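First up is the structure itself, then whatever we jot down about it.
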Amino acid sequence: MAQEKRAKMVGEIVENKQIMFKGYIERAPEESDMELRLGSRIKLEAPRGSGAFLVKNLYLSCDPYMRARMRDFHGSYLPPFAPASVVEGFGVSKVIDSDNPNFKPGDIVSGFTGWEEYSLIHKTEQLRKVHPDDIPLSYYIGLLGMPGFTAYAGFYEVCAPKKDEYVFVSAASGAVGQLVGQLAKLHGCYVVGSAGTAQKVDLLKNKLGFDEAFNYKDEPDLCAALKRYFPEGIDIYFENVGGDMLEAVLLNMRIHGRIAVCGMVSQNSMSDERGIRNLFNLVSKRIRMQGFLQSDFLHLFPKFLADVGNLYRQGKITYLEDRNEGLESAPAAFAGLFYGKNIGKQIICVSHE
């Protein structure tokens, strides 16, 4: 039935709602930095000889790294968005028509796509086929996608954990942090997370299994708070926020501690970055502090899929999603990431089919 429906659609000209990027910014993103464009039309067909394929986008991912693509800076690992162009990000999509022998109509794929209802995809290197099973499709841009793999590679490869170590995770209820904490618990570590609301703290302790959690907004002295939760110090810090939290952590690290620098969401302005104090602790405590990208570890992706997929199926890990319905909700959902509005992985459901 679904195959018949797809066959009928191919060749039709339909409206294609899109989310457009308006122009470069040097601050935290706001809803008004993007706009919904109506009236654009697309032929549901992959042009012959193009090697491309046409997809219907099902789920789109809102990720903090996308903020860096909204500024006029060309020296990063991903180029900036072009003003007045369709926003691009990770998504889960269904192939409608294909001129590529490796992808056929009906295939489900995950990887880079446009923030629009339909996308014509030419670059296929970063796309993976998804084989639908008992794991929700949206998890392939969360738990089993880039955020999940960031947690997995960052924790096991960069942090090099040992049983019984003391682990601290900031932004712990987010797309990455929630999995880091659960992996650390399964590894036999003592785990504390920080978040920005009482509801998130409750979820960390009672749903995600962290040993302790605290609301950093309730702590006038972050250094004292960390001393309270880690009287013997921190072995591993999974860094997602930067700023005052990183300065406090540096004072509380143990000798030979490791800091995996995943993100620094507290730095709203990329153009006026302030320095970090307490860095001499890196020397006196022989701390290793390392930035990383999940793409550094792609050779581990198949193992990650198998390991984390099995842990989920066995009920040993859970995953929180914050789902918004409809493409038009994407700008507000994305901007909300930078004000702590999301609980768990922020996704946009564009279509249920």
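These numbers were taken from a predicted model, which means no experiment stands behind them. Residues take their numbers from the sequence shown, with the count starting at 1.
Looking at every heavy atom in both residues, Pro147 comes nearest to Tyr319 through CB-OH, 4.1 Å. The two atoms that bring Asp99 and Gly49 nearest to each other are OD2-N, 2.8 Å, heavy atoms only.
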Under the side chain to side chain contact (heavy atoms under 4.5 Å, CB included) criterion, do Glu157 and Phe292 qualify, and how do the steps go? CA-CA 10 Å; Glu157 299 300 310; Phe292 74 99; over 6 Å; no

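Distance alone, capped at 3.5 Å, places no donor-acceptor pair between the Glu321 side chain and the Lys345 backbone. Formation of a donor-acceptor pair under 3.5 Å by the Asp211 side chain with backbone atoms of Val191 is found in this model.
For Lys17, the NZ atom counts as loosely surrounded, since its 6.0 Å shell holds 12 or fewer non-hydrogen atoms of other residues, nucleotides or ligands. Counting non-hydrogen atoms of neighbouring residues, nucleotides and ligands closer than 6.0 angstrom, the NZ atom of Lys185 exceeds 12 such neighbours.
No side-chain donor from either of Thr124 and Asn102 sits under 3.5 Å from a side-chain acceptor of the other. Counting only N and O atoms by type, the side chains of Ser170 and Ser194 include no donor and acceptor under 3.5 Å apart. For the residue pair His187/Gln182, the side-chain donor-acceptor check at 3.5 Å is not satisfied.
Partners of Pro64 according to the side chain to side chain contact (heavy atoms under 4.5 Å, CB included) rule, which considers only residues two or more places apart in sequence or in another chain, are Leu337, Phe338. For Phe73, there are no ring-ring contact (aromatic ring centres under 6.0 Å, His included) partners, not counting sequence neighbours.
Aromatic rings from Tyr24 and Phe81 are positioned such that their centres are separated by 6.0 Å or more.
Under the 4.0 Å criterion applied to side-chain N and carboxylate O atoms, Arg313 and Asp133 are assigned as salt-bridge partners.
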